[in-house]
Amino acid sequence: MMRTWILPMLLVLCGSAVATGLTLKGSPGTAAALLLGFLALAGVHSPLIFPRSIGAREAQRRSAVDGRPVVFWRPGCKYCMRMRIRLGRSARQLHWVNIWRDPAGAAAVRAANDGNETVPTVLLAGRPHTNPDPQWVREQLFPSA
């Protein structure tokens with residue numbers, strides 16, 4: 001778990017240090033702008049942006065019961081972020097697996113992508129879909145809509 005927090009924490013610390021230095025040099029406006037930029041980068045890489053991750057085996061078990069897709073992702077992935085943002089509130093209905101925290105999830109992604117850890121990989125009804133369009137994923141949640 002600590003591994004996923006290292007980059008966001010470093011970004012916040014570095015941003016704070018840079019902002020402090022600029023403020024002391026008399027540039028509080030620039031300091032504030034840079035600090036906001038560093039905080040935005042930390043947010044993008046934070047695991048808090050995504051719904052709570054579960055293990056791959058548990059996600060696949062739940063998906064078999066409720067039919068909802070499993071999304072394999074990792075922090076810092078711009079394509080995962082795109083999917084998460086475009087899914088909006090619907091994202092909470094999916095089963096999310098952070099492949100950096102779950103070795104079985106990483107293995108499932110490698111098996112589906114010729115040995116590569118390409119994310120997001122969405123597993124639906126036992127079939128993997130690599131980097132699918134978020135609209136398609138949403139349609140899988142609400143097939144009649």
Side-chain angles (χ1 to χ4, degrees), residues 1-23 29-145:
M1 183 169 144
M2 184 62 178
R3 182 173 151 188
T4 59
W5 284 102
I6 291 174
L7 183 57
M9 288 188 314
L10 284 175
L11 287 167
V12 169
L13 288 173
C14 290
S16 299
V18 169
T20 300
L22 286 170
T23 300
T30 304
L34 279 174
L35 182 58
L36 286 174
F38 274 95
L39 291 175
L41 282 172
V44 166
H45 288 84
S46 168
L48 293 177
I49 298 287
F50 291 86
R52 184 181 178 123
S53 288
I54 58 177
R57 289 183 183 90
E58 178 64 15
Q60 290 170 344
R61 185 193 67 73
R62 290 181 187 183
S63 178
V65 171
D66 62 22
R68 296 180 189 171
V70 176
V71 180
F72 295 95
W73 71 284
R74 66 175 165 74
C77 168
K78 66 182 179 181
Y79 302 106
C80 298
M81 182 62 60
R82 178 185 131 237
M83 176 163 303
R84 170 59 186 98
I85 289 169
R86 291 195 46 207
L87 286 172
R89 290 184 181 188
S90 301
R92 298 215 177 272
Q93 296 179 12
L94 301 165
H95 304 292
W96 293 81
V97 178
N98 180 345
I99 66 167
W100 281 359
R101 291 179 59 193
D102 185 55
V109 170
R110 285 192 303 272
N113 294 295
D114 299 320
N116 298 310
E117 289 186 353
T118 307
V119 288
T121 295
V122 176
L123 190 64
L124 180 64
R127 294 195 60 214
H129 304 271
T130 304
N131 198 13
D133 184 87
Q135 181 61 37
W136 178 84
V137 175
R138 185 181 292 115
E139 290 167 1
Q140 304 316 302
L141 286 171
F142 310 108
S144 62

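We're numbering straight along the sequence, starting at 1.
The nearest pair of heavy atoms linking Arg138 to Gly88 is NH2-N, 4.3 Å. Of all the heavy atoms in Asn98 and Pro75, the pair that sits closest is OD1-CD, 3.5 Å. Nearest approach of Thr23 to Ala31, heavy atoms of both residues: OG1-CB, 3.3 Å. For the residue pair Val137 and Pro132, the shortest heavy atom distance occurs at CG2-CG, 3.7 Å. Shown here for Phe72 and Ala56, the closest heavy-atom pair between the two residues is CE2-CB, 3.9 Å. Residues Leu87 and Pro134 approach most closely at CD2-O, 3.5 Å, considering heavy atoms.
Side-chain N or O atoms of Arg110 include none that pairs as donor or acceptor with a backbone N or O of Asp114 at under 3.5 Å. No donor-acceptor pair under 3.5 Å is formed between the side chain of Trp73 and the backbone N or O of Ser53. For Ser63 (side chain) and Ala59 (main-chain N/O), no donor-acceptor pair under 3.5 Å exists by modelled atom type.
A distance of 7.5 Å separates SG in Cys80 from CD1 in Ile99, rounded to the nearest 0.5 Å. Expressed to the nearest 0.5 Å, how far OG1 of Thr121 lies from CZ of Arg74 amounts to 10.5 Å. Annotation: the span from Thr130 atom OG1 to Asn113 atom CG amounts to 3.5 Å, rounded to 0.5 Å. For the atom pair OG (Ser90) and CD (Glu139), the distance works out to 11.0 Å, reported to the nearest 0.5 Å.
Partners of Arg82 according to the side-chain hydrogen bond (donor to acceptor under 3.5 Å, both in side chains) rule, which considers only residues two or more places apart in sequence or in another chain, do not exist here.
Between Thr118 and Asn131, the closest side-chain pair of non-hydrogen atoms is not below 4.5 Å. Looking only at side-chain heavy atoms (C-beta outward), Met83 and Val122 come within less than 4.5 Å of each other. Looking at His95 and Arg68, their side chains come closer than 4.5 Å, going by heavy atoms from C-beta outward. Side-chain contact between Trp136 and Leu124: present, with at least one pair of heavy atoms (C-beta onward) separated by less than 4.5 Å. Leu39 is listed as a side-chain neighbour of Val12, based on a closest heavy-atom distance under 4.5 Å.
Residue Arg86 qualifies as enclosed at atom CZ: its count of foreign heavy atoms under 6.0 Å is above 12.
A side-chain contact (heavy atoms from CB on, under 4.5 Å) with Gln60 is found for one member of Leu123, Val65, Ile54, Val97 and no other, namely Leu123.
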